[in-house]
Amino acid sequence: MMAMGAMAALALRNLFAVAMLSGTYSLLAAALYVVLDAVDVAFTEAAVGAGISTVLLLGTLVLTDHHEKPNGRIHLPALLIVLAVGGLLFYGTLDMPAFGDPQAPIHQHVADHYIEESREEVGPPNIVTSVLASYRGYDTLGETTVIFTAAIGVLALIGRVRRIRTRDARSGDDP
Amino acid sequence: MGILDHFNYWMVIVLMMAGLYTVISRGNLIKQVVGLNVFQVSVFVLYISMGKVSGGTAPILGEGITVYSNPLPHVLILTAIVVGVATTALALALVVRIRKAYGSIEEDDILKQENGS
């Protein structure tokens, strides 16, 4: 169902419908995360992916065009590259441990320590919070840096547009 | 080993191929950003699928629960989602800026203006 939503979003040409469908896609992804036990990730995806992303997309559409130029051709080199990459990844999955296998290598290293010791070492019952704020606090610091940089970049880009527009308006008023 | 053992991973690959094809082949800049998002979510689903333990619950400590899913991928993807939105915002700001400069968000129109004039 999620794959179908994604295909529809990518096939449609009206960009408003594309924006709404990509929001739906994020919401379906959030539902999938709940099924896979990742409730914190689901919260974030529903709020940030389905909410803020859609608002940003709609805002961009207001400032730009609503329709994609029709382009029915199938891009053959792109299709070949994508099929090759997909085939290689499919070959890679055959070596992966089965879905939900408790003996998989990913569960053998630090995860047990987090689950058994985080109550004494950090405190909150939610293990994800403990890991995010304490064990991997530097990651979160880096994340904040990235958001800060992105905010500066957006302000630099959009803010400059406004300045140019006011300059144009002023030069238009002169004669 | 059952046939459905890797079904999640295969769906991830299908989503990833759809996103990658859009990024490469479509000329519309907003469509490319949406394709990039689809690609990104497919990677998130891959990580979360790997963290799942069958029979486990969400990693919140409680009485009488012994099997939890792996919390580490959840933390990494939490960070990745927020970073992804930040980069999406930056990409969309660039699209707005390109529209102001060229009057179009189609790649071939922009290239035509660059080469023609």
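These numbers come from the heavy atoms of this one structure, side chains and all, not from hydrogens, waters or symmetry mates. Throughout, protein chains are lettered first and strands after them, A, B, ... in sequence-line order, and every chain is numbered starting at 1.
In terms of heavy-atom pairs under 4.5 angstrom with chain A, the leader among B:Ile24, B:Leu90, B:Leu76 is B:Leu90. Between chain A and the residues B:Ile77, B:Asn37, B:Val82, the largest count of heavy-atom pairs under 4.5 Å involves B:Val82. The residue among B:Val83, B:Thr79, B:Leu20 with the most heavy atom pairs within less than 4.5 Å of chain A is B:Thr79. With respect to chain B, the highest number of heavy-atom pairs below 4.5 Å among A:Val34, A:Leu56, A:Ile52, A:Asp139 belongs to A:Leu56.
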### Message
Applying side chain to side chain contact (heavy atoms under 4.5 Å, CB included) to B:Ile98 and B:Leu29, what does each step give before you reach the verdict?
### Response
CA-CA 10 Å; B:Ile98 288 171; B:Leu29 295 175; 4.0 Å; yes
Name the atoms and distances for all side-chain donor-acceptor pairs under 3.5 Å in residues 141-152 of chain A, with sequence neighbours left out.
unit_1: A:Thr144; atom_1: OG1; unit_2: A:Thr140; atom_2: O; d: 2.7
unit_1: A:Thr145; atom_1: OG1; unit_2: A:Leu141; atom_2: O; d: 2.8
unit_1: A:Thr149; atom_1: OG1; unit_2: A:Thr145; atom_2: O; d: 2.7

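Taking 4.5 Å as the limit, some side-chain heavy atom of B:Val45 sits within range of a side-chain heavy atom of A:Tyr33. Inter-residue side-chain proximity for A:Ile158 and B:Arg97 is flagged as unmet; no heavy-atom pair is nearer than 4.5 Å.
Looking at B:Met16, the atoms closer than 4.5 Å to chain A (heavy atoms on both sides) all sit in the side chain, from C-beta outward. Proximity to chain A is limited to the side chain of B:Ile13, based on heavy atoms less than 4.5 angstrom apart. If you measure heavy-atom distances from A:Val41 to chain B, the contacts under 4.5 Å come from both the backbone and the side chain.
A:Val35 belongs to no hydrophobic cluster with other residues, because no ILVMFWY side-chain heavy atom falls under 4.5 Å from its own, directly or through intermediates.
From B:Arg99, atom CZ reaches atom OG1 of A:Thr60 across 12.0 Å, with rounding to the nearest 0.5 Å.
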